[in-house]
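Lettering follows sequence order; numbering is per chain, from 1.
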Protein chains: 2
Amino acid sequence: MLDQRHARRGDATEDLGKAEATRQSILAAAARVFRADGYAGARLSDIAAKVGMKAGSLYYHFDSREALVEAVMDLGLKQTHETVAKRLRALPPDVGHVRRLEVAIEAHLELVLAHEDISSATIKLIWQVPAQIRERQLADQRAYGALWRKLLTDARKAGAIRGDVDLSVVRMAIMGALNWAADWYKPGRMTPRQIARDIAAMVLGGLAGEPKNKRK
Amino acid sequence: MLDQRHARRGDATEDLGKAEATRQSILAAAARVFRADGYAGARLSDIAAKVGMKAGSLYYHFDSREALVEAVMDLGLKQTHETVAKRLRALPPDVGHVRRLEVAIEAHLELVLAHEDISSATIKLIWQVPAQIRERQLADQRAYGALWRKLLTDARKAGAIRGDVDLSVVRMAIMGALNWAADWYKPGRMTPRQIARDIAAMVLGGLAGEPKNKRK
DNA sequence: TTGATTTTCTAATCCAAATTAGATTATGAA
DNA sequence: TTCATAATCTAATTTGGATTAGAAAATCAA
């Protein structure tokens, strides 16, 4: 479909052909608009304008508004999953379970708070989007959920985390604490990393009592 | 506007006059529909049907779709705030700070998970609704936020919670963990109270290490 | 250049709901 | 009963965007 005979040099990120390139920028623009205005409030014309085209032209790249939002979410989920997984893989193999959780929390949160990022749009959209799209999306999220489930069950097996709480609840509570940040965070006072540390400290160490390791 | 000469007996809950009574049932129906279908997906005709009337008739009670959703949210926020505050007030004055936090967490979560409740609709709607409504709503939430802020700062002053985390972050993380539950919770496996206990255990005691008080 | 193909634009058309106007029915006081 | 007002209904009308069809413009291999 795309004739690429001509495009055979440069790195993988650059070399996508024109259609694919605009497709990407449409996705980026859509993510921003959907994120800012919500699924209901986002207009195709807004998205198109951000890319410098007219609403109708979007249909050359996407079949419909719904197809577009679904593409955004697919990409966002994949990005989140891959980024977190990569950060975990990059850890030395002897790193403790609690530290691994801490790293996962930081990685996820940084994606959530990344300005104009597709990951955060995805998170916000999941409960706004038509039910049918949501079903598919939630199904896809299982794989990412599994990553976290494993993180937690491994930690428990090793005795690194307490045994008296339901791990599904814990997992969702962590997701909630992190994802909610997409909504209230305003850049300035604190960096994503600082926020991640505080949330990790609370989740892992608990609020009650004195800190295990006094920070700073 | 409402002639109540005739309605001068019975308790306060019963005696609202017809208009006010249907207004209430419209709000309840709207909460359910908005909660289930999202702001974008909810149709006035669905809401009207649930009350047993036609879409047009809603306009006798509310100026517009937006006015309706805003009324739902106002009521939901007020309900949440009042319920949590009441539960805290009901506590003996010598109850410790950590326990007070625990109670607030339980109360909030039970509202969030209450089936067909206006509180939970409000929480879900906040990020779906048009920006202008959201602004007003977030402003109103400050009062409720202040309740939590006080809970946390009092606890810290008393040395009941660790001193090395930002309390705003903590507060929002707790809200996130609790509010997110509105989305994933399915009645059946666990009760809202059990979930609340696990989240409170994590937030207050931390995941790492053994539980302070082994449960059950 | 040229023609084929890809990409975008313009200008309808479509459509699902929100909204409104006026008619109709309920209700309760006299 | 009767009247006035409250509450609802019916049946348009409006509206804001999504979607589409066909006309331009851009791109590029030859």
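If you take CD of Glu20(A) and P of dT7(C), they are 10 Å apart, rounded to a whole angstrom. When the P atom of dA16(C) is taken as reference, atom CG of Asp46(B) falls 14 Å away, rounded to whole Å. Between the CZ atom of Arg23(B) and the P atom of dA6(D) there is a distance of 16 Å, given to the nearest Å. Computed from coordinates, the Lys50(A) NZ to dT8(C) C1' distance equals 20 Å when rounded to whole Å. Per the geometry, CE belonging to Met53(A) stands 12 Å off C1' belonging to dT6(C), to the nearest Å. Phe62(B) has its CZ atom 12 Å from the P atom of dT8(D), to the nearest Å. Residue Leu58(B) contributes atom CG, which lies 11 Å from atom C1' of dA18(C) at whole-angstrom precision.
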Could you give the side-chain donor-acceptor pairs of residues 102-110 of chain A under 3.5 Å, partners two or more places apart or in another chain?
unit_1    : atom_1 : unit_2    : atom_2 : d
Glu102(A) : OE1    : Arg99(A)  : NH1    : 3.1
His108(A) : ND1    : Tyr144(A) : OH     : 2.5
His108(A) : NE2    : Asn179(A) : OD1    : 2.7
Glu110(A) : OE1    : Arg87(A)  : NH2    : 2.5
Glu110(A) : OE2    : Arg193(A) : NE     : 3.4
Glu110(A) : OE2    : Arg193(A) : NH2    : 3.3

Result block: side-chain N/O donor-acceptor pairs under 3.5 angstrom for residues 165-175 of chain A, not counting sequence neighbours:
unit_1    : atom_1 : unit_2    : atom_2 : d
Asp166(A) : OD1    : Ser168(A) : N      : 2.9
Asp166(A) : OD1    : Val169(A) : N      : 3.0
Asp166(A) : OD1    : Arg189(B) : NH2    : 3.1
Asp166(A) : OD2    : Arg189(B) : NH1    : 3.0
Asp166(A) : OD2    : Arg189(B) : NH2    : 3.3

What side-chain donor-acceptor pairs closer than 3.5 Å can you find for residues 27-36 of chain B, not counting sequence neighbours?
unit_1   : atom_1 : unit_2    : atom_2 : d
Arg35(B) : NH1    : Ala114(B) : O      : 3.1
Arg35(B) : NH1    : Ser120(B) : OG     : 3.0

Quick test: give all pairs of protein nitrogen or oxygen and nucleotides 11-18 of chain D nitrogen or oxygen below 3.5 Å, distance rounded to 0.1 Å.
unit_1  : atom_1 : unit_2   : atom_2 : d
dG17(D) : OP2    : Arg43(A) : NH1    : 3.1
dA18(D) : OP1    : Leu44(A) : N      : 3.4
dA18(D) : OP1    : Arg65(A) : NH1    : 2.9
dA18(D) : OP2    : Leu44(A) : N      : 3.1

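In summary, of the residues considered (Val72(A), Leu44(A), Ile26(A), Ile47(A)), a side chain to side chain contact (heavy atoms under 4.5 Å, CB included) with Phe62(A) occurs for Ile26(A) alone.
For Ser57(A) and dC9(C), the shortest distance from a side-chain N or O to OP1 or OP2 is below 4.0 Å. Remark: His61(B) is not in phosphate contact with dA6(D), judged by side-chain N or O atoms under 4.0 Å from OP1 or OP2. The phosphate of dT8(C) has neither OP1 nor OP2 within less than 4.0 Å of any side-chain N or O from Tyr60(A).
With sequence neighbours excluded, no residue forms a side chain to side chain contact (heavy atoms under 4.5 Å, CB included) with Glu135(A). Judged as a ring pair (Phe, Tyr, Trp, His ring centres under 6.0 Å), and not counting sequence neighbours, His97(B) has no contacts.
Atom CG of Asp154(A) sits in a crowded spot, with more than 12 heavy atoms from other residues, nucleotides or ligands closer than 6.0 Å.
Toward the 5′ end of DNA chain C lies the nearest nucleotide of Gly52(A), the other residue of the pair Gly52(A) and Glu66(B) mapping further downstream.
Of all nucleotides listed (dT10(D), dT8(D), dC9(C)), dT10(D) comes nearest to the side chain of Lys54(B).
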